[in-house]
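Everything below concerns the one structure shown next.
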Amino acid sequence: MNCLIVDDDAFARKTLEACVRQTPFLKLADICNDAQSAIRIIREKEIDLVFLDIELPEINGFELLEQLKVVPLIILVSAKPQYAIEAFEYDVVDFLSKPFDFARFTKAVNRARLNFDKLKELAPSNQQGEFFIKKESKYLRLKFTDIVFIEALADYVMLYLSKESDNKINDRHTILSTMKAIESRLPATDFYRIHRSYIVRLDKINAIEDNYVLVADRQLPISRSNKESLLKRLGLP
């Protein structure tokens with residue numbers, strides 16, 4: 001896994017670098033000390049995992065994540081444990097509280113490796129708008145147009161499907177995967193992540209009211225920042 005270290009503290013950078021070099025399945029692609037450099041590196045290089053400090057100069061780690069369209073696997077690093085709750089709102093792999101030892105580092109990167117392997121298990125879509133998922137020992141072919149929404153369930157995700165014109169849920173599949181893995185396989189023009197636990201197909205949205213989105217016969221929560229982005233995406237005032 002190609003990884004990037006982003007931290008403005010020299011000692012923290014050296015600590016992370018030493019840990020990475022002791023981990024056989026990690027390859028250090030680059031090191032930087034500010035968010036703008038990190039954004040450039042992520043866009044230019046193939047980065048699978050980022051060790052990201054939160055308190056960076058000018059742009060903090062959370063703001064950096066909001067600027068990325070394609071987000072690698074993220075392990076957030078901070079000396080302030082109070083950031084941990086907010087950190088997981090960004091669907092990160094883990095939160096390392098400074099100072100940490102190699103055992104704690106290893107636990108975090110093993111979790112990242114598991115997520116990375118899940119990404120590779122998903123078959124890519126083809127040109128006909130079809131989507132393959134791995135369920136138990138076989139691959140199932142699904143059409144993008146049949147997916148109504150996707151829900152995160154711990155280490156699994158559930159895909160809700162509709163093949164009827166009335167848009168009612170009539171099928172579902174639970175698979176071992178992460179939201180990040182599923183999201184990476186969906187066409188961004190048709191799907192939108194409204195919440196860390198939900199992805200919806202845009203043309204399946206029936207209404208948006210307060211902090212909820214109505215799709216089929218389900219009312220799904222939408223975060224405030226995602227609601228603003230969704231309204232812009234749909235061309236709504």
Side-chain angles (χ1 to χ4, degrees), residues 1-42 45-68 70-122 152-157 175-184 193 195-197 223:
M1 295 172 62
N2 295 326
C3 60
L4 169 67
I5 294 171
V6 187
D7 202 309
D8 64 338
D9 180 80
F11 179 76
R13 291 197 301 272
K14 289 181 180 179
T15 301
L16 284 166
E17 180 180 1
C19 289
V20 168
R21 295 195 186 282
Q22 292 180 66
T23 308
F25 61 85
L26 294 181
K27 180 180 179 182
L28 186 59
D30 216 327
I31 302 175
C32 62
N33 59 8
D34 66 276
Q36 293 293 356
S37 298
I39 291 171
R40 175 181 53 78
I41 293 167
I42 291 169
K45 298 184 178 182
E46 186 176 339
I47 302 296
D48 303 310
L49 173 64
V50 180
F51 298 95
L52 178 62
D53 186 24
I54 295 174
E55 293 189 332
L56 296 170
E58 297 184 11
I59 300 175
N60 67 37
F62 294 134
E63 293 168 334
L64 182 156
L65 293 177
E66 290 173 355
Q67 291 190 27
L68 294 174
V70 178
V71 183
L73 296 171
I74 302 291
I75 295 177
L76 286 174
V77 186
S78 178
K80 296 183 178 180
Q82 61 265 33
Y83 284 127
I85 295 177
E86 184 179 358
F88 287 99
E89 293 292 325
Y90 288 84
D91 195 29
V92 302
V93 172
D94 208 340
F95 180 92
L96 284 178
S97 182
K98 301 176 185 177
F100 54 84
D101 57 19
F102 185 65
R104 181 64 183 88
F105 174 89
T106 299
K107 182 178 179 180
V109 296
N110 281 339
R111 186 174 294 169
R113 187 181 189 182
L114 180 61
N115 278 262
F116 185 70
D117 290 342
K118 289 177 183 177
L119 277 168
K120 293 192 296 183
E121 283 185 0
L122 286 172
L153 300 169
D155 293 331
Y156 294 81
V157 296
I175 61 173
L176 180 64
S177 182
T178 64
M179 288 292 271
K180 189 181 297 293
I182 287 290
E183 189 175 15
S184 70
R193 190 164 184 175
H195 185 275
R196 64 191 178 96
S197 297
S223 64

Could you tell me if the side chain of [Y] sits less than 4.5 Å from the side chain of [X], heavy atoms only?
X	Y	answer
Lys45	Asp30	yes
Phe95	Ile54	yes
Thr178	Val157	no
Val6	Cys32	yes
Leu52	Leu65	yes

- Is a donor on one side and an acceptor on the other found under 3.5 Å between the side chain of Glu86 and the backbone of Tyr83?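 No, the answer is negative, given that no donor and acceptor are paired below the 3.5 Å cut-off.
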
- Any sub-3.5 Å donor-acceptor pair from Asp34's side-chain atoms to Ser37's backbone N or O?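 Yes; at least one donor-acceptor contact below 3.5 Å.
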
- Task: Check the pair Met179 / Arg196 against side chain to side chain contact (heavy atoms under 4.5 Å, CB included), numbers first and verdict last.
- Result: CA-CA 8 Å; Met179 288 292 271; Arg196 64 191 178 96; over 6 Å; no

Could you grab the distance from atom [atom1] of [X] to atom [atom2] of [Y], nearest 0.5 Å is fine?
X	Y	atom1	atom2	answer
Leu28	Ile5	CG	CD1	5.0 Å
Glu183	Arg193	CD	CZ	5.0 Å
Met1	Ile47	CE	CD1	10.5 Å
Cys3	Asp48	SG	CG	8.5 Å
Ile75	Leu96	CD1	CG	6.0 Å
Lys107	Asp101	NZ	CG	11.0 Å

- Item | Criterion side chain to side chain contact (heavy atoms under 4.5 Å, CB included) on Phe100 and Leu16, from CA distance to verdict | CA-CA 10 Å; Phe100 54 84; Leu16 284 166; 3.5 Å; yes

Looking only at heavy atoms, which two atoms of [X] and [Y] are closest? And how far apart?
X	Y	result
Ala87	Leu76	CB-CD1, 3.4 Å
Ser78	Asp53	CA-OD1, 4.2 Å
Leu64	Ala38	CD1-CB, 3.7 Å
Asn33	Pro57	O-CD, 3.9 Å
Glu63	Glu58	OE1-O, 3.9 Å

- Message: Give me each pair satisfying side chain to side chain donor-acceptor pair (under 3.5 Å) with a member in residues 2-14, each pair once, sequence neighbours excluded.
- Response: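 Qualifying pairs: Asp7-Lys98.
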
- Determine the interplanar angle of the Phe51 and Phe105 rings, folded into 0 to 90°, and report it as parallel if under 30°, tilted if 30 to 60°, perpendicular if over 60°.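 Judged by the thresholds at 30° and 60°, the geometry between Phe51 and Phe105 is parallel.
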
- Item | Intermediate values then yes/no, side chain to side chain contact (heavy atoms under 4.5 Å, CB included), Val50 and Ile74 | CA-CA 5 Å; Val50 180; Ile74 302 291; 3.7 Å; yes

- Identify whether the distance between the nearest side-chain nitrogen and carboxylate oxygen of Asp94 and Arg104 falls below 4.0 Å.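 Between Arg104 and Asp94 there is a salt bridge, with a charged N closer than 4.0 Å to a carboxylate O.
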
- Intermediate values then yes/no, side chain to side chain contact (heavy atoms under 4.5 Å, CB included), Asn110 and Phe25: CA-CA 10 Å; Asn110 281 339; Phe25 61 85; 3.6 Å; yes

